[in-house]
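The structure under discussion appears below in the form of structure tokens.
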Amino acid sequence: AAERAAAGARERARLAKVSKDAAILSSGIIKDAAVARAKAEQAAAVIRANADKSAGLLRANVDKARAEFDAIAARKAEARFRERALGAESQAERAAAAAAEAEA
């Protein structure tokens with residue numbers, strides 16, 4: 001009976017040690033998971049910041065391209081108006097010359 005009691009006590013001691021070791025391992029795993037989560041959140045924040053920065057640069061480039069396009073269109077329109085004005089001036093000069101010729 002004493003032998004059985006001693007064997008039972010040894011088994012309970014072994015199970016207690018296994019349980020303690022499992023608790024230590026579990027605690028380490030939980031800490032590692034928390035560290036990994038924090039690192040993942042930090043990496044996600046960096047990625048979001050870089051994406052926001054890239055999006056801002058892209059918007060700025062699009063705005064710049066639109067402004068350049070508008071400037072080109074304005075220069076073309078100005079050239080067309082200048083040509084029309086010169087044409088109208090030329091027509092006015094011809095009409096004035098014809099009128100002077102008709103009066104003479």
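Residue numbers start at 1 and run along the sequence shown.
Between the Ser19 side chain and the Leu15 main chain, no donor and acceptor come within less than 3.5 Å of each other.
For the side chain to side chain donor-acceptor pair (under 3.5 Å) test, no residue two or more places apart in sequence or in another chain qualifies with Arg4.
Ion pairing of Arg14 with Glu11 is present here, as a side-chain N (NZ or NE/NH1/NH2) and a carboxylate O approach within less than 4.0 Å. With salt bridges taken as basic N to acidic carboxylate O contacts below 4.0 Å, none links Arg66 and Asp70.
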Side-chain atoms of residues 29-48: list all donor-acceptor pairs with protein atoms under 3.5 Å, sequence neighbours left out, distances to 0.1 Å.
unit_1: Arg37; atom_1: NE; unit_2: Glu41; atom_2: OE2; d: 3.0
unit_1: Arg37; atom_1: NH2; unit_2: Glu41; atom_2: OE2; d: 3.4

Donor-acceptor contacts under 3.5 Å from residues 93-104 side chains, at least two apart:
unit_1: Arg94; atom_1: NH1; unit_2: Ser90; atom_2: OG; d: 2.8

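With rounding to the nearest 0.5 angstrom, the CD atom of Glu83 is 8.0 Å from the CG atom of Leu86. From Leu57, atom CG reaches atom CG of Asp52 across 11.0 Å, with rounding to the nearest 0.5 Å.
Glu78 pairs in a salt bridge (charged side-chain N to carboxylate O under 4.0 Å, His left out) with only one of the listed residues (Lys76, Arg82, Arg75), which is Arg82.
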